[in-house]
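If you read the sequence from its start, that first residue is 1, and numbering goes on from there. Computation of the quantities below employed the complete heavy-atom set of this structure, encompassing side-chain atoms and omitting hydrogens, waters and symmetry-equivalent molecules.
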Amino acid sequence: MSPASEAVAAFRTVHGTAPAGVWSAPGRVNLIGEHTDYNDGFVLPFALPHRLAAAASPREDGVLSVATLGDDGQLQRSGELKIADLAPGTVDGWAAYPAGVAWVLRDQGFANGADLVIAGDVPSGAGLSSSHALECAVSLALLGLAGLELDGSRAEAPTRPQVARWVQRSENDFVGAPTGLLDQTASLCCTESHVLFLDVRSGEQEQVPFGLAEAGLQVLIMDTRTKHSHAEGGYGERRRGTERAAELLGVKALRDVTVEGLADALDRLPADLVPLVRHVVTENQRVLETVELLRAGRLAEIGPYLDASHVSMRDDYRISTAELDLAVDSARAAGALGSRMTGGGFGGSAIALVRDADLERVKEAVEAAYEKAGYRRPRMFTALGPGSLWRCSPSGSCGRRGGCSPSASSPPLLPGR
């Protein structure tokens with residue numbers, strides 16, 4: 001059953017009627033450009049076919065109720081939350097994510113209540129942005145119930161970049177996770193068969209062709225099944241470190257440090273900040289060089305940049321784990337063209353760029369390495385990059401992945417497979 005169909009069925013179970021509609025948003029993979037977003041740098045994500053769907057109906061009493069359908073088929077309910085009373089620290093656990101979205105939208109003039117039921121297939125804790133997919137789906141649902149489509153013709157209709165920043169604020173200020181702008185923008189803005197080249201400082205976006213099938217390539221995602229959380233300390237410590245380094249260097253953000261000026265900059269910093277700065281500056285350069293190869297259609301040549309990115313995250317940013325390193329190393333040894341951890345680190349997933357003919361061998365090698373090490377068997381699947389922003393029919397029966405039909409302003413999605 002698709003996420004949209006599951007959300008509709010769960011909504012009927014909770015509320016005894018069909019929802020007014022279903023909105024969904026995808027998880028994402030960051031091809032390269034890690035921990036550069038909160039340094040005003042460059043990122044290169046693409047959307048997954050995996051989605052979270054929010055079935056929703058309006059309420060007239062200013063109350064938000066949220067239920068989620070877990071992987072075990074069990075429903076969890078938040079209880080009723082008065083939107084007017086929402087404030088940071090008032091909601092804990094998973095319910096803080098949808099509540100934070102409602103809190104931000106209230107400040108933007110959208111304070112109507114809603115019943116929400118959420119279901120989906122983005123793996124939780126895998127570094128594939130399940131929390132942001134949830135927040136984006138909820139934002140689309142609440143705005144949709146208010147009669148607004150993103151980038152729509154009505155004057156009050158918000159743009160996708162606006163909503164991405166609202167979602168970021170909900171996570172930073174309400175949930176308390178110091179995330180950058182990468183994940184929200186990817187979930188809201190990625191399109192089919194492209195990676196999204198985003199300049200976080202300027203907001204400029206470019207959809208760069210990413211024709212894996214035509215090149216005979218796959219991106220293999222290797223979920224180590226060791227969960228990570230942006231709300232925990234390691235992510236925030238590194239963000240604060242890079243902000244301190246920028247202040248010491250007299251620049252707005254580390255984006256302003258060039259590769260040519262890196263050596264001089266490092267000489268001016270205390271030893272604990274040197275590896276953080278080295279990673280961010282060289283990672284920005286790796287994004288730029290990867291984009292140039294993709295623009296030229298040379299997809300198979302980006303592997304060394306993926307490899308170098310992982311080494312930098314492992315040795316300089318120090319956010320990898322033994323499980324991530326083993327997935328990356330065993331994939332490379334089995335013939336992957338390049339491999340790196342993806343996401344915030346401290347667990348989650350790695351990716352490998354693999355030729356079609358080598359895919360099964362790489363998967364088998366990673367599984368064998370995990371078994372030998374005594375680790376839990378990794379979850380592996382290949383990634384395709386569909387677009388985002390789908391509004392689903394209440395029946396969830398249109399035949400597309402997620403049971404969705406596109407909104408008027410949405411880019412097309414791949415059919416289900």
Side-chain angles (χ1 to χ4, degrees), residues 25-37 42-52 120-134 136 164 179-198 205 207-213 215 217-228 230 283 286-287 290-291 294 299 302-303 305-307 309-310 313 319-320 324 327-328 331 336-345 347-354 359 362-363 366 378-388 401 413-414:
R28 67 93 188 96
V29 166
N30 194 25
L31 183 65
I32 196 167
E34 223 65 74
H35 292 267
T36 52
D37 56 341
F42 306 104
V43 295
L44 199 63
F46 62 92
L48 286 168
H50 304 76
R51 309 180 73 82
L52 283 175
D121 58 4
V122 182
S124 176
L128 303 176
S129 199
S130 60
S131 63
H132 295 96
L134 183 153
C136 290
T179 57
L181 198 59
L182 161 64
D183 298 334
Q184 307 88 341
T185 305
S187 191
L188 291 168
C189 298
C190 287
T191 60
E192 179 184 347
S193 300
H194 292 77
V195 288
L196 178 68
F197 177 37
L198 172 66
Q205 299 182 12
Q207 302 289 348
V208 181
F210 193 51
L212 292 170
L217 299 171
Q218 304 262 13
V219 172
L220 175 65
I221 299 173
M222 302 169 286
D223 174 9
T224 67
R225 306 179 84 171
T226 53
K227 291 191 175 183
H228 80 133
H230 287 322
E283 186 79 348
R286 283 187 286 270
V287 174
T290 297
V291 168
L294 295 180
L299 276 67
I302 69 172
Y305 294 100
L306 306 183
D307 292 342
S309 175
H310 184 78
M313 289 186 287
I319 56 175
S320 191
L324 286 166
V328 166
L337 300 177
S339 186
R340 64 184 287 271
M341 59 150 284
T342 188
S349 296
I351 62 172
L353 183 68
V354 181
L359 178 63
V362 171
K363 291 169 65 176
V366 174
R379 177 168 39 194
M380 291 188 283
F381 52 92
T382 55
L384 296 174
S388 56
R401 182 173 181 85
L413 279 182
L414 292 176

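- Scored by the side chain to side chain donor-acceptor pair (under 3.5 Å) test, T36 finds no partners at all (sequence neighbours excluded).
- For the atom pair CG of L337 and CG of L353, the computed distance is 5.0 Å after rounding to the nearest 0.5 Å.
- A donor-acceptor contact shorter than 3.5 Å links the side chain of H35 to the backbone of G344.
- Between the OG atom of S130 and the CZ atom of R51 there is a distance of 14.5 Å, given to the nearest 0.5 Å.
- With sequence neighbours excluded, the residues that form a ring-ring contact (aromatic ring centres under 6.0 Å, His included) with F197 are F42.
- Under a 3.5 Å cut-off, the side chain of Q218 and the backbone N or O of L212 do not form any donor-acceptor pair.
- Looking at N30, its side chain never comes within 3.5 Å of a backbone N or O of T342 through a donor-acceptor pair.
- Applying the side chain to side chain donor-acceptor pair (under 3.5 Å) rule to T185 yields no partners; only residues at least two apart in sequence or on another chain are considered.
- To the nearest 0.5 Å, atoms CG (D37) and CG (L198) are separated by 8.5 Å.
- Distance alone, capped at 3.5 Å, places no donor-acceptor pair between the T382 side chain and the V219 backbone.
- With sequence neighbours left out, the ring-ring contact (aromatic ring centres under 6.0 Å, His included) criterion links H310 to no other residue.
- Between the side chain of D121 and the backbone N or O of L52 there is no donor-acceptor pair closer than 3.5 Å.
- Partners of E283 according to the salt bridge (Lys or Arg N to Asp or Glu O under 4.0 Å) rule, which considers only residues two or more places apart in sequence or in another chain, are R286, R340.
- For A336, the side chain to side chain contact (heavy atoms under 4.5 Å, CB included) partners are A331, A352, V354, not counting sequence neighbours.
- Between the D307 side chain and the S339 main chain, a donor and an acceptor come within less than 3.5 Å of each other.
- L182 and P45 get closest at one heavy-atom pair: CD1-CG, 3.5 Å.
- Residues P26 and A133 share a closest heavy-atom pair of O-CB, 3.5 Å.
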